[in-house]
Enquirer: 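Before I ask anything, here is the structure I am working with.
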Amino acid sequence: MDMQWFVERDALAAHLGIRLLEAEPGYAKAAMDLTDNLKNGAGIAHGGAIFSLADLALAVASNGYGKLCLAVSATIAYIKPGTGKTLYAEAREISCGNKMATYAVTISNDADEAIAAFQGTVYRKNTPYTKETA
């Protein structure tokens, strides 16, 4: 499913350089190059940048059904320092009901090492949300 339009509407994702690699209903993979302006004072990926990458993957995966979904809860655990050239976020659906859906997002680096684990829950509104209706 083409969800590039969704990412193009997200000004923060554009500002951070986040790009969509794969998408289908309930699944998304996104990437972000780890530039110097995305690093914290310790020289590793800023937690906010990692969270934003994961949040975008969650949003694409959940909105891929064509129904507007908005996050109601999200948590993250930072497992390893965020290093490398590129970071990836892969969102997978855990459960999907009429009103709520939950996703697990693994954030990894270009050495395929998990650096963070994110879990998000979205509220599924009864509002069509596609390229044509957005």
Side-chain angles (χ1 to χ4, degrees):
M1 168 173 276
D2 180 21
M3 288 294 287
Q4 189 59 41
W5 66 270
F6 183 89
V7 178
E8 290 169 0
R9 292 178 52 88
D10 191 314
L12 180 61
H15 179 72
L16 296 175
I18 297 172
R19 58 195 181 278
L20 185 62
L21 303 178
E22 299 176 46
E24 61 185 62
Y27 174 84
K29 185 173 184 179
M32 176 178 69
D33 292 334
L34 186 53
T35 57
D36 287 343
N37 63 337
L38 297 178
K39 294 179 181 177
N40 64 20
I44 59 175
H46 192 287
I50 295 169
F51 190 98
S52 295
L53 174 63
D55 185 64
L56 186 277
L58 163 72
V60 171
S62 62
N63 281 280
Y65 291 102
K67 192 174 184 178
L68 181 60
C69 295
L70 301 168
V72 294
S73 175
T75 60
I76 193 165
Y78 300 99
I79 301 166
K80 291 182 72 164
T83 59
K85 182 181 177 214
T86 304
L87 301 181
Y88 300 91
E90 193 168 15
R92 296 180 189 279
E93 191 171 84
I94 296 172
S95 67
C96 185
N98 286 334
K99 294 291 182 185
M100 305 290 273
T102 301
Y103 294 80
V105 184
T106 301
I107 303 88
S108 59
N109 61 20
D110 45 10
D112 203 28
E113 301 169 314
I115 63 162
F118 174 106
Q119 183 172 323
T121 299
V122 298
Y123 179 75
R124 304 182 76 224
K125 294 182 64 107
N126 195 19
T127 304
Y129 196 64
T130 64
K131 184 177 182 177
E132 295 73 31
T133 63

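Since the structure is predicted, the reported quantities are computational estimates derived from the model, not experimental observations. For the single chain, residues carry numbers from 1 onward in sequence order.
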Enquirer: Would you confirm whether Asp110, through its side chain, and Lys85, through its main-chain N or O, come within 3.5 Å as a donor-acceptor pair?
Expert: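 Looks like yes, one N/O pair under 3.5 Å.
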Enquirer: Rounded to the nearest 0.5 Å, how far does CG of Leu53 lie from CZ of Phe118?
Expert: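 Rounded to the nearest 0.5 Å, the CZ-CG separation comes to 9.5 Å.
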Enquirer: Between NZ of Lys29 and OG of Ser108, what distance do you get to the nearest 0.5 Å?
Expert: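 Atom-to-atom, Lys29:NZ and Ser108:OG are 6.5 Å apart.
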Enquirer: Can a side-chain donor-acceptor contact be found between Thr35 and Asn37 if the only test is distance below 3.5 angstrom?
Expert: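 Yes.
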Enquirer: Same cluster or not: Ile44 versus Ile115, using hydrophobic residues (I, L, V, M, F, W, Y) connected whenever any side-chain heavy atoms lie under 4.5 Å apart?
Expert: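 No, separate clusters.
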Enquirer: Check whether Asn63 reaches the backbone of Ala59 with its side chain - one donor and one acceptor, N or O, closer than 3.5 Å.
Expert: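 Yes, because the side chain of Asn63 sits within donor-acceptor range (under 3.5 Å) of the backbone of Ala59.
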Enquirer: Between atom CD1 of Ile18 and atom CG of Asp10, what is the distance when rounded to the nearest 0.5 Å?
Expert: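 Between Ile18 CD1 and Asp10 CG, I get 7.0 Å after rounding to 0.5 Å.
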Enquirer: Pick one: which of Ile94, Val72, Thr75 meets side-chain contact (heavy atoms from CB on, under 4.5 Å) with Thr121?
Expert: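 Only one of Ile94, Val72, Thr75 forms a side-chain contact (heavy atoms from CB on, under 4.5 Å) with Thr121, namely Val72.
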Enquirer: Measure the spacing between CZ of Phe51 and CD1 of Ile107 and express it to the nearest 0.5 Å.
Expert: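 One gets 9.5 Å once the value is rounded to the nearest 0.5 Å.
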Enquirer: Does the side chain of Leu56 come within less than 4.5 Å of Val7's, by heavy atoms?
Expert: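 Heavy-atom side-chain distance check passes, below 4.5 Å.
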Enquirer: Testing the basics here: between Gly82 and Leu34, what is the closest heavy-atom pair and its distance to 0.1 Å?
Expert: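 It is O-CD2, 3.4 Å.
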Enquirer: Evaluate Tyr27 against Glu90 for side chain to side chain contact (heavy atoms under 4.5 Å, CB included), listing each step before the verdict.
Expert: CA-CA 7 Å; Tyr27 174 84; Glu90 193 168 15; 2.5 Å; yes
Enquirer: Working to the nearest 0.5 Å, report the span between CD of Gln4 and CG of Asp2.
Expert: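 One finds 7.0 Å between CD of Gln4 and CG of Asp2.
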Enquirer: Verify the cluster assignment for Leu70 and Met100: are they in a single hydrophobic cluster under the rule of side-chain heavy atoms below 4.5 Å apart?
Expert: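 The answer is no; the residues belong to distinct hydrophobic clusters.
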Enquirer: Could you state whether Leu58 and Ile79 fall into the same hydrophobic cluster, counting links through intermediate Ile, Leu, Val, Met, Phe, Trp or Tyr residues with side-chain heavy atoms under 4.5 angstrom apart?
Expert: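 No.
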Enquirer: State, to 0.1 Å, how close Gly97 and Arg124 come at their nearest heavy-atom pair, and which atoms those are.
Expert: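 Closest approach of Gly97 to Arg124, heavy atoms only: O-NH1, 2.8 Å.
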Enquirer: Linking Ile, Leu, Val, Met, Phe, Trp and Tyr through side-chain heavy atoms less than 4.5 Å apart, which residues share a cluster with Tyr88?
Expert: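 Besides Tyr88, the cluster holds Leu21.
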Enquirer: Can you measure from CG (Leu38) to CG (Leu16) and round to the nearest 0.5 angstrom?
Expert: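 Result: 6.0 Å between the selected atoms.
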Enquirer: Give me the atom names and distance for the closest heavy-atom approach of Arg9 to Tyr129.
Expert: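 So the minimum-distance heavy-atom pair works out to NE-OH, 3.5 Å.
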Enquirer: For residues Gly64 and Pro25, report the shortest heavy-atom separation together with the two atoms involved.
Expert: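 Closest approach of Gly64 to Pro25: O-CG, 3.4 Å.
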Enquirer: Let me see the working for Arg19 and Asp33 under side chain to side chain contact (heavy atoms under 4.5 Å, CB included), right down to the final yes or no.
Expert: CA-CA 9 Å; Arg19 58 195 181 278; Asp33 292 334; 3.1 Å; yes
Enquirer: Might you point out which heavy atoms bring Cys96 and Tyr65 nearest each other, and give the distance in Å?
Expert: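 Where Cys96 meets Tyr65 most closely, the heavy atoms are SG-CE1, 4.3 Å.
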Enquirer: Report the C-alpha distance between Lys99 and Tyr123 in whole Å, list the side-chain angles of each, state the deciding distance to 0.1 Å, and finish with yes or no for side chain to side chain contact (heavy atoms under 4.5 Å, CB included).
Expert: CA-CA 6 Å; Lys99 294 291 182 185; Tyr123 179 75; 3.7 Å; yes
Enquirer: Does a side-chain heavy-atom distance below 4.5 Å link Phe6 with Lys131?
Expert: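 No, too far: nothing below the 4.5 Å cut-off.
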Enquirer: On a heavy-atom basis, which atom in Glu113 and which in Asn109 lie closest, and how many Å separate them?
Expert: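 Closest pair (atom of Glu113, atom of Asn109, distance): OE1-ND2, 2.8 Å.
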Enquirer: Does Ser62 reach the main-chain N or O of Val122 with its side chain, forming a donor-acceptor pair under 3.5 Å?
Expert: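 No; zero donor-acceptor contacts below 3.5 Å.
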Enquirer: Residues two or more places apart in sequence or in another chain: which of them pass side chain to side chain donor-acceptor pair (under 3.5 Å) with Asn98?
Expert: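 By the side chain to side chain donor-acceptor pair (under 3.5 Å) rule, Asn98 matches no residue at all.
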